[in-house]
Amino acid sequence: MLRKKKEAGEPIVALTAYDYPVAKIVDAAGVDLILVGDSLGMVVLGHPTTVPVTMDEMIHHTQAVTRAVKRAMVVGDMPYGSFHLSEEQTLANALRFIKDAGAGAVKIEGASARRLHLIESMVEAEIPVMGHVGLTPQSIKHLGRFKMAGKTDAEAELILQSAVQLEQAGVFAVILECIPMELAGIVTNRLTVPTIGIGAGPHCDGQILVFHDLVGFNNGYLPKFVKKYADLQTVLSEAVGGYAADVREGRFPEEIHSYHRKKNENGEKKEGQDL
Ligand code: KIV
């Protein structure tokens, strides 16, 4: 389906989600692909990076998302450490996303020689795999900070070659994160599988953002590539502040929020009442 969209020049819409209510909204809005990203470590679990995220956390959140989704493709993100020990470990973890969490595919960061071999094994095991090149946040310990990738000619060439190798290894799409838009255009033209960009400009076959960034449910730093469509942080802070003030000042609960004992036909008080 995503490849057909690329061929037809129809933009692919992707977004992250980490829980049931948000996944319902995202799916109902007609988003094509929902990524249960390991970004959940930062936007939901409060870690400074994605490195501490565990397989159990990813499965727990992916299950919540797949319970909600009726039409979009759900992709589970392989967290740091889940594909670093062996081919056997990688396959076992990828299969957990498919069998235990109901995902339709997995995503794996990076494209080193070791990754390509793992991707081939997963594809061989009939697990659809999405690649991810450019800025790869799981490499933060190595990179030192989150920054644009592909600045020099050598880096740009490496990203292009990595994307080509990922396609050869059998991925069905490639995430391009935080790279110059011209480079994203070159990669997109070179690949037959779709590219999905985040901070990679308009020439990709599709776009993805982190849900919490898009709706402004985040009072931290927002990268330049994010377009904020709402200010949930303010809406929610005002709602909680209003509730706290109402309770303290005796305005909540009111009569309309309270129950009475009802009398039955004999004039006796009824014992139970539905909510
Ligand atoms: O974890 C994530 O949300 C991601 C996207 C930024 C692509 O990998």
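Start at 1 and go down the list; that is how both ligands and their atoms are numbered. Counting begins at 1 with the first residue of the sequence.
- Using a 4.0 Å cut-off between heavy atoms, Lys107 contacts ligand 1 through its side chain alone, with no backbone atom that close.
- Set against the non-hydrogen atoms of Thr16, the atoms of ligand 1 under 4.0 Å away are 3 (O).
- Contacts between Leu35 and ligand 1, counted as non-hydrogen atom pairs separated by less than 4.0 Å, involve the side chain only.
- For the side-chain contact (heavy atoms from CB on, under 4.5 Å) with Leu191, the qualifying choice from Asn189, Val193, Thr188 is Val193, the only one to do so.
- Of the protein's non-hydrogen atoms, the one nearest atom 6 (C) of ligand 1 is Ile198 CD1, 3.6 Å.
- Remark: Asp77 engages Lys107 in a salt bridge, criterion side-chain N to carboxylate O under 4.0 Å.
- Between Phe217 and His212, the ring-plane angle classifies as parallel under the 30° and 60° cut-offs.
- For ligand 1 and His132, the ligand atoms under 4.0 Å from any heavy atom of the residue are 8 (O).
- Within the 4.0 Å heavy-atom criterion, both parts of Asp38, backbone and side chain, lie near ligand 1.
- Comparing Ser39, Ala17, Gly37 against atom 3 (O) of ligand 1, the shortest heavy-atom distance belongs to Ser39.
- Using a 4.0 Å cut-off between charged side-chain N and carboxylate O, Asp205 and Lys5 make no salt bridge.
- Salt bridge annotation for Asp213-Lys228: absent, with no cationic side-chain nitrogen under 4.0 angstrom from a carboxylate oxygen.
- In Asp77, the part holding a heavy atom less than 4.0 Å from any atom of ligand 1 is the side chain.
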Given the rule in the salt bridge (charged side-chain N to carboxylate O under 4.0 Å, His left out) test, do Arg67 and Asp19 qualify, once you have shown the distances and angles that lead to the verdict? CA-CA 9 Å; Arg67 269 178 223 129; Asp19 60 35; over 6 Å; no
